[in-house]
Structures are given as structure tokens and as C-alpha cells.
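Read through the structure below, which is laid out as C-alpha cells, and then see the notes.
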Amino acid sequence: KPYLVLGQDGWSVTYTTQSICALKGSTVDLICSYTYPRGHEVISTFWFAKIVHLRDDPDYKGRVTYRSDRMNGHTLKITDLRESDSAEYKFIFITDQTGGRYTGSPGVTLSVKGLQVKVTGGHQDKTLTCSTTCTLTDNPTYIWYKNGHKVKENTSSLYSDYFSDADSYSCAVKGHENLHSPAVYGPRNTSVSVSPSGEIVEGSSVTLTCSSDANPPVQSCTWWYRKKGGTYQRISNQNTGPQHVFNQIQSSDSGEYYCEAQNEMGTDRSRTMNMHVKYGPRNTSVSVSPSGEIVEGSSVTLTCSSDANPPVDKYTWYKKNVTSPKASGQSYSITNIISEDRGEYYCEAQNGRGSMNSTAVMIIVAGKVSSSIQNYMFQSNLNHYTLSYYTLDYNYTLGYKIP
Ligand SMILES: *[C@@H]1O[C@H](CO)[C@@H](O)[C@H](O)[C@H]1NC(C)=O
Ligand SMILES: *[C@@H]1O[C@H](CO)[C@@H](O)[C@H](O)[C@H]1NC(C)=O
Ligand SMILES: *[C@@H]1O[C@H](CO)[C@@H](O)[C@H](O)[C@H]1NC(C)=O
Ligand SMILES: *[C@@H]1O[C@H](CO)[C@@H](O)[C@H](O)[C@H]1NC(C)=O
């Protein structure tokens, strides 16, 4: 369909067509001829697009050739077409006379389109469509490739089959077999990454990201979690995004995670990611052994315990009203105890994440009964009388019932 752009006084440009749709990567010829008034002599002709002379446009470097033949045919050849070459191309010629200049405007509209595979349909009955957004040559023949190997050739752009998640499918048009569409395939190499990287500390903000190689792009992600030894549960039915965010992560969030990425072609799950949330010591407490009374000259061992991740790496023992620490290590033994050892003891548990002091335990040292009965006291408790004795160090109830 030749297309004439007519000016006054005999100026004109005739393009062979007004618009062209071409496949990305292919080659196109834009051809025109011109007329001009008598008395002029043409001294310069060229094609331009986007205002710039094509010869000077770096985007076209090495891809354009312009050829004029004696028969008034002016051909612009563009090879290795890119989508960015889509533009209106105009032909201009200049003569030796003042004002002797004519542009064939509007020019030829070139649309460069890649082939694309569209996926429609459900789980078992998917259909692939090989398409571009503009009309190619009349009745093209479509060729389908599975994992790069030709599997089908048909004049219909549709392809229905059982498509497995793991295979990739692309299409081409006969005559341009080297210009495949990008392949479509189910998600691959699905993985979970943790940000920030490194140690995960309780209370911090942590983001898990599910990433996948997929075409069409991943549509939705499903997050799964289980505590050690438990069963996997979906984290949330709402969240189908690529990220799962913990605003303030808790130690109870420790466990195994994975994500499942889905696109129109299938699903793929990541490997399991183990998350260990670190926290400073808590529930720090002291146990005393032996329990019960501690007699002068005997020994007692205090043991500090604490819940911490990583485990406590430093224990320090303090006695109240004594400024310097008494000892270090998880257990603290006081041997050959004397009355001055009486007092309140507590421990400090520390790991890289913090420290916590236990509450104090009272250590009471009993004098030896034989030598230390010094004071007696009667207590009345309703009609129940007890005789007590005490030393400075120890308050001991003999428990005699006096009728
Ligand atoms: C994806 O996995 C394949 C093997 O299955 C591997 O060759 C490729 O390098 C991986 N790609 C990425 C981006 O990890
Ligand atoms: C530790 O302390 C928390 C409160 O701080 C409490 O909920 C939890 O039950 C304690 N755990 C143990 C093992 O004592
Ligand atoms: C520690 O000292 C304070 C005042 O100096 C005193 O009131 C308190 O009884 C003392 N505690 C112990 C366990 O000795
Ligand atoms: C634990 O007690 C020691 C000694 O009194 C003190 O220096 C330290 O700051 C305390 N630690 C905490 C976490 O309260």
C-alpha cells in the first residue's frame, strides 16, 4: 500500500507503506521515492527519526545503511531491530534552490515487537499463546520449542498441552527461527534470604525474602514455618508477597522456614532456612546445695542458671554490700564456712547479647549447736508455745511444745 505525502507545487514523498510491524532482531527496509518542482537539483537526501539524522545517532551505529538507486528508490535498511527503534521515520531531501527542501511528513511508523508467550488457564489445562502486540506478516506459522527443542509447528498461535513445572517453552515465527520469544517456565532456584545478614537478635527487625527465577514473574509466595520437631504451618493466609517481616523478632520465632513461589507455570519451594534468634540471659537464678541449714565448717555450693542464646559464657558472683565480685564460674563453692560468710549472694550471667542478675539468696550459717546456744526465747502462738534459741547467725526453732 504505497503512501503518498504530497506538498504544493509538485513536492512529494511516496513511501511504500505507512506502517510496519517488525520482529525484534529482524531486519527492515524502509523505501521511498520523491518528486520536486522543475528547475531544482537534489543535492542531499537522508532519513531521520527522533529529530536526529540516523547516521549520527549512536543507537543505530553499525545497524543502518542508506542506499539510493538511479530509479529514485531510497532505502533505509535497519538490522538487528530493537524495540527502541520503534519510531516515525521521515525522509528529507534538499535541492540547490533557496527554500528547496521537503520532508515527507508524516513518515513511516515502525513498531518493533518481540514475541511473547502468554500463559492462560488453570492447573492442568494451560494454554500458551505466542503473540506480539502488532500484526505480523499474513498468516505466520508458529514454531514451539520445549527446553530449546522444536516440538510443534502450527498456523495457530495457541498451544495446549500438559506443561510440567520444570520445562521451559518458547515460540518463534517461521522464517525467523532464530528470533525466539523469551521462554516461560515455572519458578526455579527458589531461595530464602535473611536481612540483615548475620546474627539475629531478639527485638530486632528481620526480613525474609523469597526469590526465584521465573517467567512469567512470581505471582505469589507462601511462607511456611515450624518449630523444631513440629509440623509446618502456613505463616499467614494474607501474606502472599515475596517478603515476610518480623518487626520485633522473638526467640519463639526460632525455627525452620521455607517459601513456595508460584507463577502461571507452576510452583517451587525453597530449601529450609534455620533461624536462630539470639537473646541475652533471662530467668537467671541461683540454686543452693545442700539445701537446708548450713553449719559452720561445712561447705555449700551455689549454682547459677540462666536461659540464654548463645549460652552464657561468663558468670560472676557477688555478695550484697561487697563491692568486688566474689568469684566467677557457673558454680561457686564456699568451703569451711564461717559466720562471716553469712549474707545475700547473687550471680550475674552474661553472653554476647547482654547480662542479667539473679535475685539474691540468703545464706544463713548456723553455729554448732553444742557451743552456741546463747539465748533463749519463748514465743507464743495461740496456745502453741515454742522454745527458740538463736545465735547472731542463725535462728533455730527447737520446736518443743510446751503444754
Ligand atoms: C539456578 O540453578 C541452576 C541449576 O539448577 C544453576 O545452574 C544456576 O546457576 C542457578 N541460577 C542462579 C541465579 O542461582
Ligand atoms: C522465663 O521467664 C519468663 C518471663 O520472663 C517466663 O514466661 C518463662 O516461663 C520463664 N521460663 C522458665 C523456664 O522459667
Ligand atoms: C547492706 O548495707 C545497708 C546499709 O549500709 C544495710 O542497711 C543492709 O542491711 C546491708 N545488707 C546486708 C545484707 O548486710
Ligand atoms: C549485676 O550486679 C552487678 C554488681 O552489683 C552490677 O555491677 C551489674 O551492673 C548488675 N547487672 C545488671 C544487668 O543489673
Side-chain angles (χ1 to χ4, degrees), residues 194-208 225-230 244-257 273-368 372 390-397:
V194 186
S195 158
S197 60
E199 212 168 65
I200 298 166
V201 182
E202 191 170 53
S204 64
S205 164
V206 173
T207 302
L208 305 184
Y225 161 70
R226 75 168 177 190
K227 281 195 156 68
K228 243 191 165 56
H244 183 68
V245 179
F246 301 91
N247 290 319
Q248 283 196 304
I249 200 162
Q250 300 302 308
S251 58
S252 55
D253 293 322
S254 290
E256 297 174 14
Y257 290 80
M273 197 247 352
N274 280 303
M275 186 149 69
H276 304 286
V277 180
K278 310 288 191 199
Y279 50 94
R282 54 191 184 203
N283 298 356
T284 304
S285 64
V286 175
S287 60
V288 184
S289 168
S291 57
E293 67 173 37
I294 297 144
V295 182
E296 263 182 23
S298 68
S299 305
V300 69
T301 298
L302 308 180
T303 302
C304 187
S305 54
S306 186
D307 175 19
N309 187 1
V312 173
D313 55 20
K314 190 177 171 207
Y315 294 94
T316 311
W317 290 93
Y318 295 97
K319 187 180 180 186
K320 271 202 180 165
N321 287 3
V322 176
T323 42
S324 56
K326 298 294 284 182
S328 60
Q330 189 171 9
S331 293
Y332 171 36
S333 292
I334 313 172
T335 53
N336 198 11
I337 215 158
I338 55 172
S339 64
E340 283 73 24
D341 291 326
R342 164 190 185 276
E344 290 179 77
Y345 292 84
Y346 61 98
C347 67
E348 180 183 38
Q350 226 177 316
N351 68 1
R353 306 259 51 95
S355 64
M356 187 195 170
N357 287 347
S358 69
T359 55
V361 294
M362 183 76 188
I363 297 297
I364 302 163
V365 180
K368 290 204 174 71
S372 61
Y390 61 93
T391 68
L392 274 179
D393 305 318
Y394 191 58
N395 189 339
Y396 189 71
T397 302

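Just so you know, these numbers use all the heavy atoms, side chains as well, and skip hydrogens, waters and symmetry mates. Atoms within each ligand, like the ligands themselves, are counted from 1 in listed order.
A side-chain N or O of Asp307 and one of Tyr279 form a donor-acceptor pair less than 3.5 Å apart. With 3.5 Å as the limit, one finds a donor-acceptor pair spanning the side chains of Thr301 and Ser333.
A distance limit of 4.0 angstrom between heavy atoms and ligand 4 selects the residues Tyr318, Tyr346, Glu348, Ser355, Asn357.
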Validation: residues 311-318 side-chain donor-acceptor distances under 3.5 Å, sequence neighbours left out:
{"residue": "Tyr315", "atom": "OH", "partner": "Gln330", "partner atom": "NE2", "Å": "3.4"}
{"residue": "Trp317", "atom": "NE1", "partner": "Gly329", "partner atom": "O", "Å": "2.7"}
{"residue": "Tyr318", "atom": "OH", "partner": "Glu348", "partner atom": "OE1", "Å": "3.4"}

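Taken to the nearest 0.5 Å, the OG atom of Ser331 stands 8.5 Å off from the CG atom of Leu302.
Of the possible donor and acceptor atoms, one in the side chain of Ser254 sits under 3.5 Å from a partner among the backbone N and O of Ser251.
Under 4.0 Å is where a charged nitrogen must lie from a carboxylate oxygen, and between Arg353 and Glu202 no such pair does.
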